[in-house]
Every structure is written in C-alpha cells, then in structure tokens.
Peer 1: 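Quick one: this structure, given as structure tokens, is what I'll be asking you about.
Counting begins at 1 with the first residue of the sequence. Please read all numbers here as calculations on a predicted model, not as lab measurements.
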Amino acid sequence: KPPFGAKGGEVGGARGVPVRIHDQCFTSEVFRSQRCDCKEQLKMSLEYIRENGGAIIYLQQEGRGIGLANKVAAYALQDVGLDTVDANTHLGFPEDARQYGVVPSILSDMGISSIRLMTNNPRKIERLRALGVDVEGTIAMVVPKANPYNRKYLETKKERMNHKNFGSMLSASPSSILSSDYSGVEDMLRRGGAVSANGSESGKSVAEDYVNDGEEMAAAAVQQALMDDVELSGVKAAEDGYCFGRESVEAAIAAVKRGELIVVVDDESRENEGDFIMAADKVTPETMAEFIRYSSGVICIGMEGKRMDELELPPMVVNNEDPKGTAFSVSIDATKEHGITTGISATDRAKTSLLLASPESKATDFHRPGHIFPLRAKEGGVLTRNGHTEAAVDFARLAGSSPAGLLCEIVSEENPVEMARLPELKRFCRKRGYVLTSIADLQQYRRDTNQ
C-alpha cells in the first residue's frame with residue numbers, strides 16, 4: 001500500500017505533503033565539506049519531517065548534475081575567483097544540469113497528489129510544475145548563518161540563481177575567504193604555466209600544479225571536461241529504442257512549455273544534423289534572434305496540413321525533388337497591418353510566426369512570398385516520418401501549445417562552412433544550457449506513452 005494515499009494521484013491521494021527533492025551532495029554529506037549548505041538543508045528537512053510528516057526524494061545528481069569529479073574541478077576554479085555558476089559553464093556544462101523527470105512517477109507510487117516543496121529555489125518549482133507536479137506551495141529551508149567557506153556560494157544562489165527566503169542572513173554572516181574576483185582564472189588556465197599563491201608563474205602545467213597540491217582529481221576533471229567529445233558520432237538508438245533516454249524527451253517537453261529552444265538531432269544515416277525547435281506560439285523577438293544567431297537563418301515552421309490548407313499555403317513547387325521530401329509551401333510574411341516592415345528582422349519574423357500559430361488567423365493576414373517558410377508535416381508526426389518538421393509539430397503539441405513548431409538547422413561554430421554534428425552539438429548544448437534530444441528518442445517516447 002502506498003504510504004500516503006491511493007496510488008497514481010487517484011481520489012484519496014495525499015495532498016499538500018511536505019516533500020524535499022534533494023540532490024546528492026557527497027562532498028558535504030560524507031566528507032563534511034563546508035563549501036555549500038546542502039548537508040544542513042538535508043538535516044533541516046529531516047527534522048521538519050520528523051515533526052510534521054512528509055518525504056525526501058533523494059536523487060544522485062552531484063554538483064547540480066555534473067558529477068563528483070567535475071564538481072571538484074569546479075571547486076578548483078572557484079578557488080581562483082569563479083563563482084559556482086561560471087565554474088560549471090567554464091567546464092562546458094550548463095549552470096544546472098539536473099533532471100527531475102522521474103519525480104512524478106515516484107510521487108504517484110507514493111500516493112501523493114500534491115506537495116509543499118521544501119526549497120528556496122524557484123527554478124525547481126518551475127521545472128516540477130512543467131512536469132505536471134502539483135506544487136501547492138513551499139517551505140523555506142534557510143541555514144541560520146553562512147560560514148566563510150560557503151558565503152560566496154550562497155551569495156551566488158541569491159544573486160544569480162534567484163533563490164529566495166534569505167532575508168538578512170547573509171548580512172549577519174562572516175565574509176568569504178574565497179577570491180572575490182576573477183584575477184587568477186585566466187592565468188591558471190593558460191596552457192603554458194600555472195600561477196602560484198603569490199601570483200608568480202610557476203612554469204609548470206596546470207595539471208602538475210594541481211598534482212603537487214594533492215588535487216589530482218581536479219586536474220583530471222578539468223582535462224576531461226575540456227577534451228573533445230569522442231563518443232557517438234551520430235544518433236544510434238539502443239535496444240530500448242532510446243539514444244539519450246526518455247528523460248531527455250521529458251526535459252525537452254518541459255523546456256518547450258517554458259518557451260525555450262531545444263536541440264533535436266536526427267539519425268546518423270539521415271541528415272545527421274541538429275535543429276533548434278520551439279513552440280511557435282511562444283516565440284519572442286529575443287528567441288527569434290537566438291534562432292538566427294546560431295543557425296542557417298532559414299527559419300521554418302512545421303504545421304499540420306489541414307491548417308495550411310485553411311491559410312491557403314500551397315506547395316512551393318508542383319514536383320518536389322527534395323531528397324528528404326521536405327514539404328515546403330510558399331514562403332510568407334504577415335501583412336503591414338500587423339506592424340511588419342521588411343519582414344526579415346527578428347521582430348518581424350516573430351510576429352509572422354505568432355500569427356501562423358494562432359487559430360484565429362486568416363489567409364488574408366499574410367502575403368506571399370516572405371521570410372518564414374511553412375513546412376507541411378505528415379499526419380502521425382515522427383511515427384510516420386522521422387523528420388525535424390514532424391518533430392517540431394509533435395513537441396509543440398506535447399507541450400500543450402498550438403501544433404506549430406519553429407525549426408532551423410544549427411551551423412557549426414568550429415567550422416562555420418559546415419553544419420554542426422552530434423559531438424559538437426553535445427558540447428554546444430552543455431555550454432549554452434540547451435536540452436538535447438533526438439527524433440529517435442521522441443519516436444520511442446510516443447510509442448511508450450501512446451501520444
């Protein structure tokens with residue numbers, strides 16, 4: 001019997017249960033590191049649950065999802081001035097690589113219908129709600145006082161990660177002993193030599209300096225994190241049908257719900273390219289500019305055939321000779337009555353995209369040709385055709401948006417005359433914080449969920 005109520009959130013499932021979604025912190029919980037407040041928050045949560053009831057879901061996501069070795073490397077960068085956010089991104093990771101796709105299933109198995117989340121982190125609340133978790137409210141978990149080793153970390157949580165409930169705690173705490181600027185970072189990372197404690201060059205490599213200081217793990221982690229990705233050259237599904245895993249699709253759907261860009265890769269034997277995809281009804285001039293900056297700039301919008309017929313968007317050519325059968329219609333812009341000027345700016349293209357996604361728009365709201373390229377998606381989506389057009393429509397629909405998705409191929413930053421392939425795309429997504437998934441993963445997810 002589930003400990004809190006009826007399984008699966010049925011009638012009788014417990015509501016308003018105090019829950020802590022706690023991510024493993026081996027460094028503080030086992031080694032007693034004082035560089036964060038994780039151990040204290042875990043202890044406070046256990047004490048609260050002892051008095052009031054509730055549950056802790058403990059996830060193995062060390063270092064906000066980057067792993068123990070990389071976390072130690074991040075600590076080494078923090079020692080010379082980087083904060084916890086910049087240390088992660090400097091190593092090629094997003095500032096927060098944690099995934100919470102498993103949480104809804106755990107809550108369902110425990111018979112919990114809604115929770116009061118023990119957290120100070122608004123982003124965690126947002127991510128859980130995007131996954132369908134009913135978060136009724138929060139319970140603050142603030143340590144009484146910072147210490148000299150974690151003060152800078154807590155300041156970064158407040159100022160850069162938008163953590164709440166700190167009140168006057170920081171002002172009443174001792175100052176940090178860690179470097180407050182970035183003065184030593186570039187010197188430390190130079191290939192030619194490391195910087196000693198007094199600021200002079202030691203003439204040794206970064207790795208040698210770390211090893212001599214007893215920090216071999218940090219040296220190895222820095223080297224590994226900055227190495228080229230030598231893993232998969234392209235998407236290849238495993239025996240279970242997934243490449244990056246079901247959680248990658250769930251994270252992508254949540255990101256699309258939030259109005260973010262995701263990166264979707266097709267099969268290695270197909271185009272072996274990655275496309276930006278987002279829900280067209282959530283586009284802004286800023287996200288459109290982001291699309292254009294890193295892509296080929298040919299912004300397309302996948303749409304259902306019936307809706308394209310209603311908007312009188314005929315095929316671009318009668319005899320489609322595209323090798324992959326991409327079904328381009330005539331290009332399009334919104335009319336000047338909607339504030340369009342030349343149609344090519346990020347602002348104009350965002351306006352056109354929003355109108356194409358709106359169920360209220362009519363054929364007369366557009367003129368032809370233009371600067372947005374509608375693509376006719378196959379009925380059945382990626383289960384019928386394994387193309388980015390269908391993936392864009394499927395992701396928009398699964399995220400609860402209008403079934404119209406923007407898409408564009410990502411250009412290589414390392415070789416700008418070529419398109420970005422999977423190894424570079426993985427580095428690109430880690431660096432910039434995009435969710436990465438594949439059409440193969442989306443196909444298997446739809447099979448598993450009958451969606």
Side-chain angles (χ1 to χ4, degrees), residues 232-237 241-244 252 261-278 280 291-292 294-309 311 313-332 349 353 356 368-397 403-426 428-429 436-447:
L232 293 176
S233 60
V235 169
K236 296 177 181 177
Y242 289 102
C243 177
F244 302 119
L261 303 177
I262 62 171
V263 176
V264 181
V265 188
D266 67 353
D267 193 82
E268 185 174 20
S269 63
R270 195 175 180 272
E271 292 178 325
N272 194 21
E273 292 179 353
D275 280 31
F276 274 137
I277 284 177
M278 75 170 296
F291 248 109
I292 297 165
Y294 298 114
S295 74
S296 67
V298 181
I299 308 299
C300 300
I301 179 169
M303 300 177 66
E304 294 179 333
K306 179 181 178 181
R307 182 58 178 148
M308 292 181 69
D309 292 340
L311 295 177
L313 297 175
M316 183 180 285
V317 295
V318 175
N319 181 24
N320 188 345
E321 298 177 354
D322 182 88
K324 303 300 181 186
T326 306
F328 282 89
S329 85
V330 294
S331 57
I332 196 168
R349 285 196 263 186
S353 301
L356 283 167
R368 303 128 176 96
H371 298 88
I372 294 292
F373 294 83
L375 306 177
R376 183 178 293 257
K378 293 282 189 182
E379 288 188 27
V382 294
L383 298 183
T384 301
R385 177 178 180 269
N386 62 340
H388 285 103
T389 301
E390 288 70 26
V393 173
D394 281 357
F395 271 116
R397 178 179 56 80
L406 291 168
L407 63 152
C408 194
E409 302 91 342
I410 299 171
V411 173
S412 170
E413 290 186 306
E414 300 167 9
N415 183 11
V417 300
E418 298 289 345
M419 308 310 294
R421 308 300 178 190
L422 181 58
E424 181 183 356
L425 288 168
K426 292 174 77 172
F428 175 78
C429 290
L436 174 67
T437 190
S438 73
I439 292 176
D441 288 282
L442 178 58
Q443 289 174 315
Q444 190 60 42
Y445 177 83
R446 287 197 53 196
R447 294 187 192 104

Peer 1: For Y294, enumerate each residue passing the ring pair (Phe, Tyr, Trp, His ring centres under 6.0 Å) test, keeping only those at least two apart in sequence or located in another chain.
Peer 2: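 Ring pair (Phe, Tyr, Trp, His ring centres under 6.0 Å) list for Y294, sorted by chain: F428.
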Peer 1: Taking only residues two or more places apart in sequence or in another chain, which ones pass side chain to side chain donor-acceptor pair (under 3.5 Å) with S353?
Peer 2: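 Partners of S353 under the side chain to side chain donor-acceptor pair (under 3.5 Å) test: none.
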Peer 1: Report the distance from atom CG of L407 to atom CD1 of I277, rounding to the nearest 0.5 Å.
Peer 2: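 One gets 6.0 Å once the value is rounded to the nearest 0.5 Å.
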Peer 1: Of all heavy-atom pairs between S295 and I299, which one has the smallest distance, and what is that distance?
Peer 2: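 Closest pair (atom of S295, atom of I299, distance): OG-CD1, 4.3 Å.
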Peer 1: Evaluate the side-chain proximity of R385 to T326: yes if any heavy-atom separation is below 4.5 Å, no if none is.
Peer 2: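 The answer is yes; the side chains approach within 4.5 Å.
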Peer 1: Y445: what forms a ring pair (Phe, Tyr, Trp, His ring centres under 6.0 Å) with it, not counting sequence neighbours?
Peer 2: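 Expected list: none.
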Peer 1: May I ask you to decide if A377's main-chain N or O and T389's side chain share a donor-acceptor pair within less than 3.5 Å?
Peer 2: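 No, because the side chain of T389 does not come within donor-acceptor range (under 3.5 Å) of the backbone of A377.
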Peer 1: What closest approach, in Å, do A404 and M303 show between heavy atoms, and which atom pair accounts for it?
Peer 2: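 Closest heavy-atom pair between A404 and M303: CB-CG, 4.3 Å.
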Peer 1: Please give me the minimum heavy-atom distance between C429 and L436, naming the atom from each residue.
Peer 2: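 Minimum heavy-atom separation between C429 and L436: SG-CB, 3.9 Å.
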Peer 1: Listed by chain and number, what are the side chain to side chain contact (heavy atoms under 4.5 Å, CB included) partners of N415, not counting sequence neighbours?
Peer 2: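 So N415 forms a side chain to side chain contact (heavy atoms under 4.5 Å, CB included) with S412, V417, E418.
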Peer 1: Could I get the full list of side chain to side chain donor-acceptor pair (under 3.5 Å) partners for E413, not counting sequence neighbours?
Peer 2: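 With sequence neighbours excluded, E413 shows a side chain to side chain donor-acceptor pair (under 3.5 Å) to R432, given in chain and number order.
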Peer 1: Apply side chain to side chain donor-acceptor pair (under 3.5 Å) to R397 and list each qualifying residue two or more places apart in sequence or on a separate chain.
Peer 2: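 Side chain to side chain donor-acceptor pair (under 3.5 Å) list for R397, sorted by chain: empty.
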Peer 1: To check you understand the geometry: which heavy-atom pair defines the closest contact between S331 and G370, and what is its length?
Peer 2: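 Looking at all heavy atoms of both residues, the closest pair is OG-N, 3.0 Å.
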Peer 1: Please test K378 against E390 for salt bridge (Lys or Arg N to Asp or Glu O under 4.0 Å), starting from the C-alpha separation and ending with a verdict.
Peer 2: CA-CA 7 Å; K378 293 282 189 182; E390 288 70 26; over 6 Å; no
Peer 1: In chain order, what residues pass the side chain to side chain contact (heavy atoms under 4.5 Å, CB included) check against M316, with sequence neighbours excluded?
Peer 2: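 Applying side chain to side chain contact (heavy atoms under 4.5 Å, CB included) to M316 gives F328, F373.
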Peer 1: Side chains of H388 and V264: does their closest heavy-atom pair fall under 4.5 Å?
Peer 2: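 Answer yes - side chains close enough.
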Peer 1: Taking side chain to side chain donor-acceptor pair (under 3.5 Å) as the definition, give me every residue that meets it alongside N320, ordered by chain and number, with sequence neighbours left out.
Peer 2: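 By the side chain to side chain donor-acceptor pair (under 3.5 Å) rule, N320 matches no residue at all.
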Peer 1: Hey, what do you get for CD1 (I301) to OG (S329), rounding to the nearest 0.5 Å?
Peer 2: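 The OG atom of S329 is 10.0 Å from CD1 of I301, to the nearest 0.5 Å.
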Peer 1: Residues two or more places apart in sequence or in another chain: which of them pass side chain to side chain contact (heavy atoms under 4.5 Å, CB included) with S296?
Peer 2: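 S296 satisfies side chain to side chain contact (heavy atoms under 4.5 Å, CB included) with V298, C408, E409, V411 once adjacent residues are dropped.
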Peer 1: Under the salt bridge (charged side-chain N to carboxylate O under 4.0 Å, His left out) test, which residues partner D309, sequence neighbours left out?
Peer 2: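 Result, salt bridge (charged side-chain N to carboxylate O under 4.0 Å, His left out) vs D309: R376.
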Peer 1: Would you say F291 and R349 make side-chain contact, with heavy atoms under 4.5 Å?
Peer 2: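 No; the side chains remain at least 4.5 Å from each other.
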Peer 1: What I'd like to find out is whether the side chain of L356 reaches to under 4.5 Å of the side chain of L313, using heavy atoms alone.
Peer 2: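 L356 vs L313: side chains touch.
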Peer 1: Could you list the residues that satisfy salt bridge (charged side-chain N to carboxylate O under 4.0 Å, His left out) with E273, not counting sequence neighbours?
Peer 2: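 Per chain and number, E273 pairs via salt bridge (charged side-chain N to carboxylate O under 4.0 Å, His left out) with R421.
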Peer 1: Do any side-chain atoms of residues 437-444 form donor-acceptor pairs under 3.5 angstrom with protein atoms, and if so which ones, sequence neighbours left out?
Peer 2:
| unit_1 | atom_1 | unit_2 | atom_2 | d |
| --- | --- | --- | --- | --- |
| T437 | OG1 | S248 | OG | 2.9 |
| S438 | OG | A440 | N | 3.4 |
| S438 | OG | D441 | N | 3.0 |
| S438 | OG | D441 | OD2 | 2.4 |
| D441 | OD1 | C243 | N | 2.9 |
| D441 | OD1 | F244 | N | 3.1 |
| D441 | OD1 | G245 | N | 2.9 |
| D441 | OD2 | F244 | N | 3.1 |
| Q443 | NE2 | V382 | O | 2.9 |
| Q444 | OE1 | R447 | NH1 | 3.1 |
| Q444 | NE2 | D448 | OD1 | 3.0 |

